Each structure stands twice: as C-alpha cells, then as structure tokens.
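A quick write-up on the structure given underneath.
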Amino acid sequence: MNWLEVTLTVSGELSEPVADLLARHAPGGVVLESEADEAGQATSTRPFVVRAYLPADDRLEARRRAVEEGLWHLGQIIALPPATFRPVVDEDWSETRKARYRPIPIGRRLLIMPAWLAVPGGDRLPILLDPGMAFGTGTHPTTQLCLAALEDCLHPGDTVVDLGAGSGILSIAAARLGASRVLAIDIDADAVQAAADNIRRNEVQSAVEVHQGSLPTVRAACPGGADLLLANILANTLQEMAADGLALAVRDGGIAILSGILADQAQAVVDACEAHGLRWRRSLAQEDWRALVLERTTPPG
Ligand code: SAH
C-alpha cells in the first residue's frame with residue numbers, strides 16, 4: 001500500500017486538536033511523536049510532530065483537500081505552521097512510527113509510555129497509553145498540570161474521583177501513586193470506552209471503576225465525598241459545577257484539583273468555588289493554562 005504522509009510540528013497544546021482533525025480524514029491513522037532529548041527521553045515541553053497517513057487511492061485528492069481545508073479553518077483560530085506532504089511508498093509505517101516514540105517524563109515520578117515499549121528501569125511509574133489514539137495522550141498542558149498537582153496532593157490509600165476522565169490518564173496515574181479506589185467518570189461514551197481500554201492495558205482495574213455520567217453520578221457512587229477530586233474540563237463547566245455542589249463530591253478537608261482553565265479565567269473559577277465550599281490554596285501554571293488546588297471547607301455553602 002502507498003500513502004501520502006501529512007506532517008505538522010506543533011506545541012503540545014495544539015497537538016491534540018491537530019491530531020483530531022487529521023484523524024477524521026486519515027484511515028491510515030494518526031501518530032504523535034515527541035522529540036527525544038540527549039538522554040533519549042522526550043520532554044513534555046518540546047514540540048510534537050503529528051503525522052497522518054492518507055491511502056494513495058482514488059479518494060486521495062478529496063481527502064487531501066479536506067485536510068487542507070480543515071487546517072485552514074483551524075489556522076483562522078490559532079496560528080499553525082504549514083503542513084508538509086510526502087508520498088510514502090509501500091512502507092509499513094506502523095512499524096517505523098513505533099520506532100520513533102519515546103517515553104515522556106511528567107513531574108517527579110510519572111512516565112507516559114507508548115503501550116508497546118518495554119517499561120524502562122528506574123523509579124518512574126509508567127502510564128501506558130496508545131499514542132495512535134487522537135486524544136488524551138498526556139501532551140496537553142492542563143493534563144500535565146493535573147498530574148503534577150496529583151503527585152503533590154495524593155496520599156496512598158486515598159479515594160479519588162476523576163471527573164471528565166477522557167483517556168483515563170489521571171485515573172491511571174492516581175492508581176499508580178497509591179490511591180485505593182478511583183472513580184473515572186466521563187459524559188462521553190467514546191471516552192468511557194477509551195478509559196476502560198487504557199485501565200485494562202495498565203492492569204489497574206482492581207482500583208479504578210469507569211462510569212458514564214457527570215456530577216450526579218459522582219455524588220451517587222461516592223456519597224461521603226472523595227479525598228481528592230480531579231476535574232480537567234473547561235472553566236465555564238467548572239463554574240456551573242461549583243454552583244451545582246461540586247464541593248459535596250469532596251469530603252471535609254479533602255482536595256479538588258481543577259484545570260482546563262486559561263489564566264484570565266482562573267479568578268472567576270476561584271470565586272465560584274469559594275462561594276460554594278472550596279477554598280483556594282494554590283495555582284500551578286504552564287504556558288497560558290492554570291490548575292487550581294482547592295480544599296473543601298465546612299460547611300460547603
Ligand atoms: N482527564 C483527561 C481528559 C480531559 S478532556 C486529561 O486530563 O487529559 C475533558 C473530558 O471531560 C472529556 O473527555 C469530556 O468528554 C469530559 N466532559 C466534558 N464535560 C463533562 C461533564 N459535564 N461531565 C463529565 N465529563 C465531561
């Protein structure tokens with residue numbers, strides 16, 4: 001089989017929307033590659049190379065046009081570098097691409113790994129994900145902020161809620177860091193399936209349950225509130241959730257880590273939380289993104 005390979009080099013923040021867009025037109029699949037440093041490991045702040053493979057058949061021109069149009073539209077919202085197109089003749093790219101991946105170290109203790117690599121020695125705790133999937137691969141700054149805050153806040157034995165679990169990356173990290181019970185909740189059926197697959201891949205099923213739903217599902221499954229709640233969603237969703245009793249999903253004195261928040265949205269989310277039983281403790285920053293660490297107060301208000 002011959003292919004047309006489409007390549008763009010973008011920041012971690014942009015890699016997921018670009019990969020999502022390409023995935024819609026690339027039956028050959030989309031891969032995210034991170035560039036390795038001298039030690040042979042990728043770092044989360046380096047650029048990501050997104051590659052997509054279009055089969056060289058009678059639909060190639062239509063697909064290429066659709067990709068170019070999609071990139072043009074995305075480029076109206078946020079500046080994108082030009083895509084390059086390269087014919088790949090009869091190559092088993094699925095094998096060559098695998099050779100290019102490197103583990104991505106996050107925070108002090110975690111390592112995001114393509115599922116097929118042998119787990120390297122060393123102290124870092126591996127999170128195995130399939131980078132062929134277009135979302136939830138750990139490249140977004142908000143995911144990295146949540147992982148860093150989780151490392152600081154989680155105590156072994158904690159009960160954790162991961163609201164908006166996506167690929168399940170934060171739930172898997174919580175289980176690796178010693179949580180005794182993790183509830184991974186997402187409103188989207190595809191995300192629930194992806195999370196379930198990744199949880200199995202990481203063999204953490206005994207600690208992590210996956211449910212489709214949202215805040216009411218959390219309140220039903222964990223009535224006393226979790227020791228630690230993670231929600232990496234969007235600022236306005238978080239504000240609405242704060243008013244709808246997000247604090248009650250956290251036990252007295254427990255911690256909420258909220259992200260998906262841009263710098264200029266952070267104060268509004270803090271205000272909504274403080275009006276409803278969560279007290280701001282600190283913020284973490286990466287690029288324009290923020291994560292908030294808050295503590296449940298009594299009474300929740
Ligand atoms: N936790 C992952 C994924 C974040 S993407 C990470 O940190 O990388 C945000 C996820 O929130 C998406 O999977 C989306 O389906 C989910 N989501 C959006 N609104 C939601 C809501 N109201 N309730 C539950 N999940 C929601």
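All ligand and atom numbering here is 1-based and tracks the order in the structure. None of these values were measured; they are calculated from a predicted model.
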Enumerated ligand 1 atoms positioned under 4.0 Å from heavy atoms of [X]:
X	value
Asp188	15 (O)
Ile233	18 (C), 19 (N)
Met241	21 (C), 22 (N), 23 (N)

Output yes when the distance from some N or O of ligand 1 to some N or O of [X] is under 3.5 Å, and no in every other case.
X	value
Gly164	yes
Thr143	yes
Ser167	no

Check this for me: Glu203, atom CD, are more than 12 non-hydrogen atoms of other residues, nucleotides or ligands nearer than 6.0 Å?
no
Quiz question: by atom type and distance under 3.5 Å, do the side chains of Thr142 and Asn232 form a donor-acceptor pair?
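Yes, Asn232 and Thr142 have a side-chain donor paired with an acceptor closer than 3.5 Å.
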Check the side chains of Glu13 and Trp289 for a donor-acceptor pair under 3.5 angstrom, ignoring hydrogens and angles.
yes
Test applied, side chain to side chain contact (heavy atoms under 4.5 Å, CB included); reference residue, Leu230; option that passes from Leu147, Ile255, Ile257, Val182
Ile257
Quick one: which of Thr84, Leu14, Leu71 gives a side chain to side chain contact (heavy atoms under 4.5 Å, CB included) with Leu8?
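For Leu8, the side chain to side chain contact (heavy atoms under 4.5 Å, CB included) check succeeds only for Leu71.
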Is Ile169 touching ligand 1 with its side chain, its backbone, both, or neither, if touching means heavy atoms under 4.0 Å apart?
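The answer is the side chain.
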Can you tell if the side chain of Phe48 reaches within under 4.5 Å of the side chain of Thr9, non-hydrogen atoms only?
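No. Closest side-chain heavy atoms not under 4.5 Å.
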Is the backbone of Arg108 close enough, under 3.5 Å, to the side chain of Glu151 for a donor and an acceptor to pair up by distance?
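Flag set: sc Glu151 to bb Arg108 pair under 3.5 Å.
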If you take the nearest heavy atom of each of Ile187, Asn232, Asp244, which one is closest to atom 26 (C) of ligand 1?
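Minimum heavy-atom distance to atom 26 (C) of ligand 1 goes to Ile187.
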Under 4.0 angstrom from ligand 1, any heavy atom of Ala165?
yes
Would you check whether Ser259 reaches within less than 4.0 Å of ligand 1, judged by its heavy atoms?
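Ser259 does not count as a contact of ligand 1 under the 4.0 Å cut-off.
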